[in-house]
Structures are given as C-alpha cells and as structure tokens.
Amino acid sequence: MPRAIGANCRLLMIPEATYGTAPAGDWMRLPFLSCDLGAEQPLLDADVIGVGSSRDPAAPFLDTVTVQGQAVVPVDLVNIGHWLRLLLGPPTTTGTSPNLIHSFGSGAAALPSNSIEIGYPDVPNYDLCTGVRADTLEIDFSPTGPATATFGLMGQGSTRGASSSGGTPTSAAYTAFNKAQGAISRNGSALAQVTGARLTYANGMEMVRTIRADRKVEGVDPGIARATGQITARFADTTLLTQAQDNAPAEFAFSYTIDANRSLTFTLHDVYLALAKTPVEGPGGVEASFEFRAAFNATATRMMTAVLKNQQAAAGYA
C-alpha cells in the first residue's frame with residue numbers, strides 16, 4: 001500500500017471570482033518547500049454531570065472549523081508574483097514584453113482570495129482549501145543560501161476527495177533567486193556592513209466567526225497593515241545609530257537582482273529604527289541589531305511597494 005511522501009505532493013492555486021468558491025478550469029502548479037495549510041476542528045469536552053453512573057465524561061463535540069497554516073516557497077522570478085498578489089492585491093503593470101514591471105502596493109482596501117489544493121497522489125487524497133487569503137510574509141536576508149519566503153495563510157473551508165480539482169495544471173518556467181543576489185539600500189545608497197536582515201509584513205487578518213450550520217468562519221478580513229523587521233550590521237560607522245537617535249525616517253529597499261530586467265525589490269518608504277546597543281562579546285567584530293518599523297509615506301501614498309521585474313504578461317497576475 002503506497003504512503004504519501006512530500007516529494008510527490010503538489011500545490012495548486014487559482015484566484016477566486018466568488019469568495020469561498022473554487023473555480024473550475026486549469027489551475028497553476030506552484031513550487032514550494034513546505035506547506036501545512038489545512039483544516040482543524042478541535043474536540044471540546046462536554047462537562048455534563050449525571051449522564052452515566054460514574055465520574056467518566058460524556059462524549060466530546062466538534063467545534064468551529066479553522067483553516068490556516070504556512071507555505072514556505074522559493075523566491076523565484078515568476079511564481080512569487082502569484083503569492084504577492086494574494087498578499088497585496090493585483091499589481092500595476094508597465095513596460096513592454098518581455099521586460100515587464102509589476103508593482104504591488106501595501107494598504108489595499110480589499111484583498112483577493114484564492115483556492116489552494118494540496119495533493120497527495122500516492123494515497124490518493126486531495127485537500128481543497130477555499131477562501132484563502134495571505135496574512136503575513138517573512139523573508140530573511142543573509143550572505144549565502146537559497147532565497148525563500150514564508151506566507152501565513154487563512155482560509156474559510158476545506159474539503160478532501162480522491163481526485164484533484166485542478167484540471168490540467170499549468171506551470172511557469174522556474175528561475176530562482178538566491179541570497180547572494182541580495183542587496184539592501186538606504187535612501188538610494190547601498191547599506192554597507194550588513195550581515196543579516198529580516199523583513200516581516202502583516203495584513204492584520206481577523207477570522208470572522210458567525211453562527212453557521214457548516215461551522216465555517218464567515219470570512220477573513222484585513223486590519224491595519226504593518227511592516228517590521230531587523231537589520232544586523234557590523235559596527236563600522238554611526239549611520240544607523242544616528243538615525244535611531246534622531247527618530248528620523250529613511251527609505252530602505254531590500255532586493256534580489258539577476259539583471260536589469262529580472263529582479264524583486266521591497267521598498268519601505270518610511271522606516272524608523274529602534275535604538276540598539278553595540279555589545280562587545282569577545283575579541284571578534286562588534287555587531288548591532290536594529291529593530292525597525294515602517295509607516296505610511298504621503299508621497300508614495302503607501303507604506304511598502306514590491307516591484308517584480310520579469311517576462312510574465314500582465315494578465316498572469318490580474
């Protein structure tokens with residue numbers, strides 16, 4: 001009897017026209033590293049007295065269905081745009097093929113939802129999650145290794161079946177970014193001596209629980225968006241210390257670049273730094289870790305802009 005193994009699993013995704021309803025058609029097959037999105041329905045104790053002839057409990061009951069989890073995906077040239085659309089909304093696309101520029105902005109009033117299917121063909125079993133929205137994004141920057149992104153997801157419902165809903169899935173060409181292609185800039189100039197950084201974006205999603213016969217949540221609504229993180233740098237100058245002491249904002253950009261027409265850049269337009277210590281922890285180099293928070297910028301009319309340059313047609317992220 002075959003057993004499910006991760007190497008054979010598949011992740012399919014498609015935008016929804018109606019929230020919580022999986023569309024028919026050919027879905028997109030996306031690369032991923034891990035995914036624990038799925039439904040959970042906890043058992044609650046029924047502390048009823050006088051049911052039996054002893055102190056043993058009455059039968060428990062099932063509570064509300066919760067669909068949530070995380071997807072860890074490679075930061076690649078085309079497929080990452082589908083995840084950014086889910087997180088930030090459809091982009092504004094400019095340029096001419098094959099050199100297209102997709103600009104995603106934070107703070108959208110409404111966000112899209114997708115259906116996501118996790119397939120276990122060895123069993124076979126297919127977990128179809130509907131009404132899925134992206135709540136969080138976390139990306140780490142370091143000098144070496146593969147570039148990956150972690151998306152926190154929340155959905156409305158989940159059903160399992162023995163066949164896939166994905167039709168004949170389509171796949172885009174896979175070109176991955178890596179951390180050696182990363183760069184961080186401050187006010188348009190390269191920020192030197194950085195040994196690591198972390199960028200976290202959150203939509204502040206809230207599950208709306210109402211009284212329903214199917215025990216599903218009513219939906220997932222966005223709240224206040226936040227962009228936070230940390231920059232760790234060797235203590236070689238006082239640029240970041242001075243900014244923190246002055247409580248003055250600066251524009252920071254976190255990017256991966258293959259060439260002039262293939263890149264991904266996250267720009268935080270107004271970044272405030274927390275004051276950090278410069279601890280001496282032995283004879284080695286001295287490092288300082290600065291926590292940061294981003295805020296709305298009136299000129300950019302947003303807090304964060306993600307720009308993806310690739311050959312993907314505008315309709316691909318509509």
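Reckoned from all heavy atoms, side chains included, excluding hydrogens, waters and symmetry mates.
Sorted by first then second residue, the side chain to side chain donor-acceptor pair (under 3.5 Å) pairs that include residues 61-81, not counting sequence neighbours, are T66-R209, D76-N79. For residues 246-269, the pairs satisfying salt bridge (Lys or Arg N to Asp or Glu O under 4.0 Å) are D259-R262, with sequence neighbours left out.
Using a 30° and 60° split on the angle between ring planes, Y317 and H102 fall in the perpendicular class, above 60°.
Under the 4.5 Å side-chain criterion, counting only non-hydrogen atoms from C-beta, L240 is in contact with L191. Considering only heavy atoms from C-beta on, V78 stays 4.5 Å or farther from T175 through its side chain. Taking the side chain as every heavy atom from C-beta outward, F177 and L264 approach each other to under 4.5 Å. By the 4.5 Å heavy-atom criterion applied to side chains, R215 and L62 are counted as neighbours. In this structure, the side chains of L111 and N203 come closer than 4.5 Å at one or more pairs of heavy atoms.
The side-chain contact (heavy atoms from CB on, under 4.5 Å) test applied to E206 returns no partner, not counting sequence neighbours. Under the side-chain hydrogen bond (donor to acceptor under 3.5 Å, both in side chains) criterion, S158 pairs with D127, sequence neighbours left out. Among residues two or more places apart in sequence or in another chain, the ring-ring contact (aromatic ring centres under 6.0 Å, His included) test is passed with F151 by W83.
H269 and T299 are not linked by any side-chain donor-acceptor pair at a separation below 3.5 angstrom, with hydrogens and angles left out of the test. The closest side-chain donor-acceptor pair between S115 and E16 falls under 3.5 angstrom.
Checked against the 6.0 Å centroid threshold, Y272 and F292 do not count as a close aromatic pair. Between F141 and Y256, the distance separating the two ring centers is shorter than 6.0 angstrom.
Heavy-atom neighbours of E40 CD from other residues, nucleotides or ligands within 6.0 Å: at or below the threshold of 12. More than 12 heavy atoms of other shown residues, nucleotides or ligands fall within 6.0 angstrom of atom CD1 in I5. Crowding of R10 atom CZ: a count of heavy atoms from other residues, nucleotides or ligands under 6.0 Å exceeding 12.
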Distance-only criterion, 3.5 Å: show the donor-acceptor pairs between side-chain atoms of residues 223-238 and protein atoms not counting sequence neighbours.
from, atom 1, to, atom 2, distance (Å)
Q230, NE2, E291, OE2, 2.7
T232, OG1, S289, OG, 2.9
R234, NE, E287, OE2, 3.2
D237, OD1, T239, N, 3.0
D237, OD1, T239, OG1, 3.1

